[in-house]
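Here's the structure we're looking at; comments come further down.
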Amino acid sequence: MADLNLLVPEDEIEKQKEYMARIATFGGGKYKINTYGCQMNEHDSEVLAGMLEQMGYNATSDDEEADVILYNTCCVRDNAERRAAGNIGILAGLKKRKPGVIIGVCGCMMQEQGAAENLLKLRPYVNLIFGTHNLHKFPELFYTALQGKKVKVIEQNDQGCIPEGLPIARKNPITGYLTIMYGCNNFCSYCIVPYVRGRERSRSIASIVKEAEEMAKTGISEIMLLGQNVNSFGLGSEESFPKLLHELDGVVPRLRFMTSHPKDLSDALIEEMAVSKTVCPQFHLPVQSGSDRILSEMNRRYDREHYLNRVAMLRQAIPNVGLTTDIIAGFPGETEQDFEDTLSLVKEVRYDGAFTFIYSPRVGTGAAAMENQVPEEVKHERLSRLIALQDEITKEQLSGQVGSVQEVLIEGLSKRQNDAVYGRTGRGMTVNCKGKEEWIGHILPVSITDAGSNTLRGEIITKE
Ligand code: 5AD
Ligand code: SF4
């Protein structure tokens, strides 16, 4: 069961629905949402889009045409913050030409201490500011902004809430996101997420299954379950992540999930994955560093041996499992030897792919206050070496698939060729092949013929 105290009360959701209905009578307009950061943010934007569409607004990709422009921001690294701030700055001209346009800024960056005030000082033309804990109140806040008032609502409460029953406008008709939990309790020393997303809280299995069934009815073939730390789903209740996967087995043809924390990756989860008909043989398991000393400074609460043991268990139980990871280069105090430990771990695990980042100090986190920060040029040089190594391994992993037959979910038409389609294997590798539009949404056997540096080529095996 989800924690009932954290559920947004039904009458609050009803109130927001009333605001949506009221705004819908105003005649509607066009909206544009700019999203930064992770899948969680992308999905939050789908909820904002769902609410806007109920209010009679249609999507546009053109700022000039939009009546409301939202920025759903990220603060996990400095470059995401800078990009959002820069783009909001560019809107000054538009706002002068079109004073009626409503500019809203929301998401993680707005939850940072003092960020909303700074933004308003710098960009006084922003009409509407709200944080991650107020997403469900968007209709009410938007209504106030439409009345010509400035709105700034940020709750710095750590606990957070669980909103249920909001409309969602999903971007992709074949693959869809489903949030199963919110927040994070881990406080890795480099990470701002626990400060801006609040404490871990899980939805109930019943409400998740219901949403997955509704997604299946609309034709979605693959669901990506989202949470900052899915392995601790259901913490403090009878529910657990393996139980959830069990209940979801067969609801849609394919399930994936992210993100897993290596310290919480249980044998029970690996066993459930091994027997599930639905969960894809893909595992995103962020390692962050291969050095025990750095892992401890990062407060990751596992060591290299534990991590490699989890990898071995996964590979034993799920043959052909593809592993991906996140790695940070240049954490404070990282020596050349520490970094070489990371490279050696990457060589040992042989990931299909890795998201690699330069360490970015985040104000208020433990690591930002550490004295032994690594110089920028050293961080960049390490990142380049890491990327070069992983690119080589990715290519080899892709080549290893040539000659095999893979089940591929056809996801869309190729952008370059109109008689070609693309899709993904269970392991998560992208495949391009000749194909027809009517095959989109189907899982078809594909004979893999070639491998490039990021994708595969293949031929769909048809009966004709
Ligand atoms: N600097 C660089 N990378 C970071 N990440 C999180 N915080 C930081 C930071 N301060 C990375 C981690 C995490 C991913 C989502 O972002 O690798 O797994
Ligand atoms: Fe950040 Fe660590 Fe939580 Fe992931 S597990 S969101 S890296 S604090």
- Message: Name the residue from E211, E214, E222 that meets the salt bridge (Lys or Arg N to Asp or Glu O under 4.0 Å) definition with R170.
- Response: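 In the set E211, E214, E222, the residue that makes a salt bridge (Lys or Arg N to Asp or Glu O under 4.0 Å) with R170 is E211.
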- Apply the salt bridge (Lys or Arg N to Asp or Glu O under 4.0 Å) test between E164 and each candidate in R203, K210, R201; give the one that qualifies.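 Single pass found, and it is R203.
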- Is the ring centre of F130 less than 6.0 Å from the ring centre of F138?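 Yes, they do, as the ring centres are separated by less than 6.0 Å.
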- Are F241 and F257 close enough that their ring centers fall under 6.0 Å?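 Centroid distance F241-F257: below 6.0 Å, so yes.
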- Query: Can R22 be said to sit on top of Y143's aromatic six-ring, NZ or CZ under 6.0 Å from centre and within 45° of the ring axis?
  - Reply: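 Because its charged atom sits under 6.0 Å from the ring centre and within 45° of the axis, R22 does stack over Y143.
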- Item | Ring-face cation contact, F357 with R77, 6.0 Å cut, 45° max |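 Checked: cation-pi criterion met.
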At their closest point, which heavy atom of [X] faces which heavy atom of [Y], and how far apart are they?
{"X": "T365", "Y": "C191", "answer": "CG2-O, 3.4 Å"}
{"X": "V321", "Y": "R427", "answer": "O-CZ, 4.0 Å"}
{"X": "M109", "Y": "T73", "answer": "CB-OG1, 2.9 Å"}
{"X": "S221", "Y": "P253", "answer": "O-CD, 3.3 Å"}
{"X": "Y36", "Y": "N87", "answer": "OH-ND2, 2.9 Å"}

- Out of T60, D67, D63, which residue meets the side chain to side chain donor-acceptor pair (under 3.5 Å) rule with K32?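 Answer to the side chain to side chain donor-acceptor pair (under 3.5 Å) test with K32 among T60, D67, D63: D63.
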- Item | Main-chain N/O of A354 paired with T324 side-chain donor or acceptor, under 3.5 Å |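 Pair absent, no side-chain N/O of T324 close to backbone of A354.
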- Message: I need the full list of salt bridge (charged side-chain N to carboxylate O under 4.0 Å, His left out) pairs touching residues 34-52, with sequence neighbours left out, sorted by first then second residue.
- Response: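 Non-adjacent pairs meeting salt bridge (charged side-chain N to carboxylate O under 4.0 Å, His left out): D44-R197.
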- Item | Pairing residues for K98 by the salt bridge (charged side-chain N to carboxylate O under 4.0 Å, His left out) criterion, not counting sequence neighbours |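 Once residues adjacent in sequence are excluded, K98 has no partner under the salt bridge (charged side-chain N to carboxylate O under 4.0 Å, His left out) criterion.
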- salt bridge (charged side-chain N to carboxylate O under 4.0 Å, His left out) partners of K415, counting only residues at least two apart: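 In terms of salt bridge (charged side-chain N to carboxylate O under 4.0 Å, His left out), with neighbours along the sequence ignored, K415 is linked to no residue.
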- Working for side-chain contact (heavy atoms from CB on, under 4.5 Å), residues R424 and V408: CA-CA 5 Å; R424 264 176 315 143; V408 174; 5.7 Å; no
- Task: Among M40, H284, Q282, find the residue that satisfies the side-chain contact (heavy atoms from CB on, under 4.5 Å) test when tested with M258.
- Result: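 The passing option is H284.
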- Message: Within the 4.5 Å heavy-atom criterion, are K150 and L128 side-chain neighbours or not?
- Response: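 Heavy-atom side-chain distance check fails, nothing below 4.5 Å.
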